[in-house]
Amino acid sequence: MKSFLVMQGHTYEEEKEMGFIWAAKKDRSGMSSHSWQRLTEVKKGDLVFHYVSGRILAVSVAKASCKIAHRPSNDQQDEKGYYVELDYHELDVSLHIQSHLDTILPFLPIKYSPFQLNGHGNQ
């Protein structure tokens, strides 16, 4: 079992309500993002931590492995992207990353770390 951290921001509420995470294959400039492509590594049973505005708000379990699909929302988009169906579990008390940074930093990878040394997120 692997674990992943997703930085959702404005998409958190919609994706939580509908039980998924989704990322485009390419950004507006046509470039692919390594962080978005990492969704293809999510397999059934993996854990996903949901980061919004400096806090971990929920932990999810992947119901299935990542697949290529349209974003399942009311938006009329033709674009397909990386889709993972999740079972969200909101935390009773969110985890403020900067308050626990000294504990978290030793466990972070050097390359593609989700957090900067000051606790701010990296996409």
Step-by-step salt bridge (charged side-chain N to carboxylate O under 4.0 Å, His left out) determination, Arg71 to Glu79: CA-CA 8 Å; Arg71 182 177 175 84; Glu79 178 182 23; over 6 Å; no

With [X] via side-chain contact (heavy atoms from CB on, under 4.5 Å) - residues at least two apart:
X     : answer
Glu17 : Glu13
Leu47 : Met1, Ser3, Phe49, Val59, Val61
Ser32 : Gln37
Glu85 : Lys63, Tyr83

List for me each residue that meets side-chain hydrogen bond (donor to acceptor under 3.5 Å, both in side chains) alongside [X], sequence neighbours excluded, and say none if there are none.
X      : answer
Ser65  : none
Tyr82  : none
His100 : none

Single-linkage hydrophobic cluster, 4.5 Å side-chain cutoff, Ile68 and Val42 together: yes

Shortest non-hydrogen contact from Leu86 toward Ala62: CD2-CA, 3.7 Å

Which atom of Lys43 lies closest to which atom of Thr40, heavy atoms considered: NZ-O, 3.5 Å

Residue list, salt bridge (Lys or Arg N to Asp or Glu O under 4.0 Å) with Arg55, at least two apart or on another chain: none

Tyr51: ring-ring contact (aromatic ring centres under 6.0 Å, His included) partners, not counting sequence neighbours: Phe115

Contacts of Tyr12 that satisfy ring-ring contact (aromatic ring centres under 6.0 Å, His included) - sequence neighbours left out: none

pair Ile56-Leu91: side-chain heavy atoms closer than 4.5 Å: yes

Where at least one partner belongs to residues 29-39, residue pairs that pass salt bridge (Lys or Arg N to Asp or Glu O under 4.0 Å), sequence neighbours excluded: Arg38-Glu41

Side-chain donor-acceptor pair present, Ser60, His50, cut-off under 3.5 Å: yes

